[in-house]
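Take a look at the structure set out below.
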Amino acid sequence: MIGDRLIQIYKKLLEHYSNQHWWPAETRDEIVIGAVLTQNTAWKNVERAIENLKRANLDTLMAIHQTKSSRIKECIKPAGFYNQKTQYLKNVARFFVENGGFEQLKKLDTPALRKKLLGVKGVGKETADSILLYAFDRPIFVVDAYTKRLCQRHKLSEQLDYDSIQGLFMEHLDADPKLFNEYHALIVKNAKEHCRKKPICKGCPLEEDLCLSD
DNA sequence: CACCAGGAATGTA
DNA sequence: TACATTCATGGT
C-alpha cells in the first residue's frame, strides 16, 4: 500500500527532525509575501528581503499595494529576480485588496480559491498551494523540487509532473492540513540537511533505505 | 570558477 | 505537449 509507505516516511522524518512550525512567518501577509520571494531562491536570502520590508513597514499586502515599486525593489534585492518579483508582489497585493482580503477570500471553497490565485501573474501551482496550505489552512499538498526528488529516489510514482505527485499524496493520505503542513516542511528540512552528491549519504540520520537525498 | 536555491512566464517546435 | 531561456542575489 502506497499510503502506508508515505506514512512510514513521514513518521521517520518526524522522528528525526521533530515539528518544524511552518510557515516561518509572523503574519499571513508575510506568508504570502514569502511564498513569492522564495521562488527558486534560497530561504536565507528571502529572510533578508523580508527583514528589509519590515524595517520599511512594507511587510503587508496593503503597504505593497500602495507603495511605489522602486521602494519595494530596494528592499527585496537580496531575494533575487527583484524586478519580476516586485511586479509579482504588486499583482498579488492588488488581488487580495480587490477581493476583500483574507476575510472575503476564505469564504470561497478550495478549488475556487486555487483557481483565482492561479489567475494572478506570478503565482504558479507551488506558490498557490503554499498560500492555500499555510495562509488559508486548506488541505492541499505542496509539491516542490525536493518532493519530486523524493518520489524519484523512492520510486513512489512513474509520472513526476506536479499534478501526478500532488495526487499521489492527496489520494493516499487523509486531507489533514496539519499533516500536509508538517510533511512538506519535513521534506524541505531533510533536503537541506543532506548532501545532494551521493545517492545515499554517509552518516545519513535516516536508515539507508529511507535516505531522502538524491 | 561553476553551480544551485522552498518557480513562473514566455517562446519555440 | 515538451523543452529551452530569462530573471538576479548570495552561499558553497
Side-chain angles (χ1 to χ4, degrees), chain A residues 9-10 13-14 17 19-26 28-53 69-95 114-136 138 140-153 158-166 169 177 179-198 201-202 212-214:
Chain A
I9 293 174
Y10 172 73
L13 288 169
L14 186 60
Y17 299 109
N19 295 74
Q20 300 299 305
H21 318 296
W22 269 35
W23 184 284
E26 296 179 358
R28 282 183 301 184
D29 280 20
E30 286 177 21
I31 294 176
V32 176
I33 293 169
V36 171
L37 293 180
T38 198
Q39 290 172 0
N40 197 46
T41 300
W43 182 252
K44 184 68 179 178
N45 292 335
V46 176
E47 290 182 315
R48 287 181 161 161
I50 290 184
E51 191 53 41
N52 290 338
L53 288 171
S69 294
S70 58
R71 280 193 67 204
I72 298 173
K73 283 186 184 180
E74 289 307 310
C75 291
I76 71 171
K77 267 187 179 176
F81 306 128
Y82 57 87
N83 290 305
Q84 276 191 0
K85 286 178 179 176
T86 292
Q87 188 56 57
Y88 288 175
L89 286 175
K90 278 285 189 181
N91 296 342
V92 174
R94 175 157 39 86
F95 169 79
R114 187 175 197 265
K115 191 168 185 176
K116 295 199 68 154
L117 286 169
L118 289 173
V120 180
K121 188 186 294 182
V123 178
K125 291 175 181 176
E126 185 182 338
T127 304
D129 290 338
S130 293
I131 292 172
L132 286 168
L133 177 61
Y134 293 104
F136 286 91
R138 302 301 174 88
I140 288 286
F141 202 92
V142 178
V143 177
D144 63 355
Y146 299 145
T147 312
K148 293 180 181 177
R149 215 165 70 194
L150 168 69
C151 290
Q152 180 171 31
R153 170 151 171 69
E158 302 294 338
Q159 307 300 324
L160 294 175
D161 57 285
Y162 194 97
D163 295 333
S164 296
I165 294 179
Q166 182 175 53
F169 283 85
L179 172 63
F180 291 173
N181 177 323
E182 195 58 39
Y183 207 149
H184 175 67
L186 285 167
I187 288 174
V188 173
K189 173 68 174 178
N190 174 260
K192 287 181 176 177
E193 297 278 317
H194 285 67
C195 70
R196 293 175 295 98
K197 311 284 184 177
K198 310 164 192 168
C201 299
K202 188 175 182 180
L212 303 181
S213 65
D214 60 354

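When reading the values below, keep in mind they use all heavy atoms of this one structure, side chains included, and skip hydrogens, waters and symmetry mates. Chain naming here is simple, since letters A, B, ... match the order of the sequence lines and numbering starts at 1 in each.
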Task: Between C1' of B:dT10 and CZ of A:Phe81, the distance in whole Å - done: 14 Å
Open item on the list: Restricting to non-hydrogen atoms, name the atom on A:Ser69 and the atom on A:Lys90 that form the minimum distance, rounded to 0.1 Å.
Closed with: OG-CE, 3.6 Å
Heteroatom pairs (N/O) under 3.5 angstrom, protein to nucleotides 11-13 of chain B:
none

- [ ] May I have the step-by-step check of salt bridge (charged side-chain N to carboxylate O under 4.0 Å, His left out) for A:Asp161 and A:Lys148, ending in yes or no?
- [x] CA-CA 8 Å; A:Asp161 57 285; A:Lys148 293 180 181 177; over 6 Å; no
Open item on the list: Using a 6.0 Å distance limit plus a 45 degree cone around the ring axis, check whether A:Lys77 lies over the aromatic ring of A:Tyr82.
Closed with: yes
Open item on the list: In this structure, how many angstroms lie between the C1' atom of B:dA8 and the NZ atom of A:Lys90, rounded?
Closed with: 20 Å
Task: Atom P, compared across C:dT6 and B:dG6: separation rounded to whole Å - done: 23 Å
TODO: Identify, residue by residue, the members of residues 117-135 of chain A with a heavy atom below 4.0 Å from DNA chain C, and return them in order of residue number, or none.
DONE: none
Task: Partner of A:Leu186 under side-chain contact (heavy atoms from CB on, under 4.5 Å), chosen from A:Asn181, A:Asn19, A:Leu14 - done: A:Leu14
- [ ] Rounded to the nearest 0.5 Å, what's the gap from SG on A:Cys151 to CZ on A:Phe169? Could you check?
- [x] 4.5 Å
Task: Passing candidate, ring-ring contact (aromatic ring centres under 6.0 Å, His included) with A:Phe141, options A:Tyr162, A:Phe180, A:Tyr134 - done: A:Phe180
- [ ] With P as the reference atom in both, quote the distance from B:dA8 to C:dG10 in angstrom, rounded to an integer.
- [x] 22 Å
Open item on the list: Tell me whether A:Tyr146 and B:dA5 count as stacked here, given that the ring centres must be under 5.5 Å apart and the planes must differ by less than 30 degrees.
Closed with: no
Open item on the list: Just the rounded figure in Å: distance from C1' of B:dG6 to CD1 of A:Ile31.
Closed with: 14 Å
- [ ] Round to a whole Å and report the spacing from CD of A:Gln87 to P of C:dT6.
- [x] 21 Å
- [ ] Using the six-membered ring wherever Trp is involved, compare the ring planes of A:Tyr10 and A:Tyr183 and label them parallel, tilted or perpendicular (cut-offs 30° and 60°).
- [x] tilted
Task: Whole-Å P distance, C:dA4 and B:dC3 - done: 16 Å
TODO: Between B:dG6, C:dT6, C:dG10, spot the one nearest the side chain of A:Gln84, thanks.
DONE: C:dT6
Task: Whole-Å gap separating C1' (B:dG7) and NE2 (A:His184) - done: 12 Å
Open item on the list: With the six-membered base ring of C:dA8 as reference, does the ring of A:Tyr82 sit under 5.5 Å away with planes under 30° apart?
Closed with: no
Task: DNA chain B contacts among residues 45-53 of chain A, heavy-atom distance under 4.0 Å - done: none
TODO: Give, for atom CD1 of A:Ile31 and atom CD1 of A:Ile131, the distance between the pair rounded to the nearest 0.5 Å.
DONE: 9.5 Å
Open item on the list: From NZ of A:Lys189 over to P of B:dA5, roughly how many Å is that when rounded to an integer?
Closed with: 17 Å
Task: Nearest-angstrom distance from the residue atom NZ of A:Lys77 to C1' of C:dC7 - done: 15 Å
Open item on the list: Can you measure A:Leu37 atom CG to B:dA8 atom P for me and round it to whole angstrom units?
Closed with: 13 Å
Open item on the list: Rounded at 0.5 Å granularity, tell me how far CG in A:Asn190 sits from CD in A:Gln20.
Closed with: 10.0 Å
- [ ] Could you verify whether a donor N or O on one side chain and an acceptor N or O on the other, from A:Gln166 and A:Asp129, lie under 3.5 Å apart?
- [x] yes
Task: Comparing A:Asp144 and A:Tyr88 on DNA chain B - which has the more 5′ nearest nucleotide - done: A:Asp144
Task: Among B:dG6, B:dG7, C:dG10, the nucleotide that comes nearest once only the side chain of A:Pro78 is considered - done: C:dG10
Task: Heavy-atom closest pair, residues A:Lys121 and A:Asn91 - done: O-ND2, 2.9 Å
Open item on the list: At less than 3.5 Å, do the side-chain atoms of A:Lys192 and the base atoms of B:dG6 form a donor-acceptor pair?
Closed with: yes
Open item on the list: Determine whether the aromatic ring centres of residues A:Trp23 and A:Trp43 are separated by less than 6.0 angstrom.
Closed with: yes
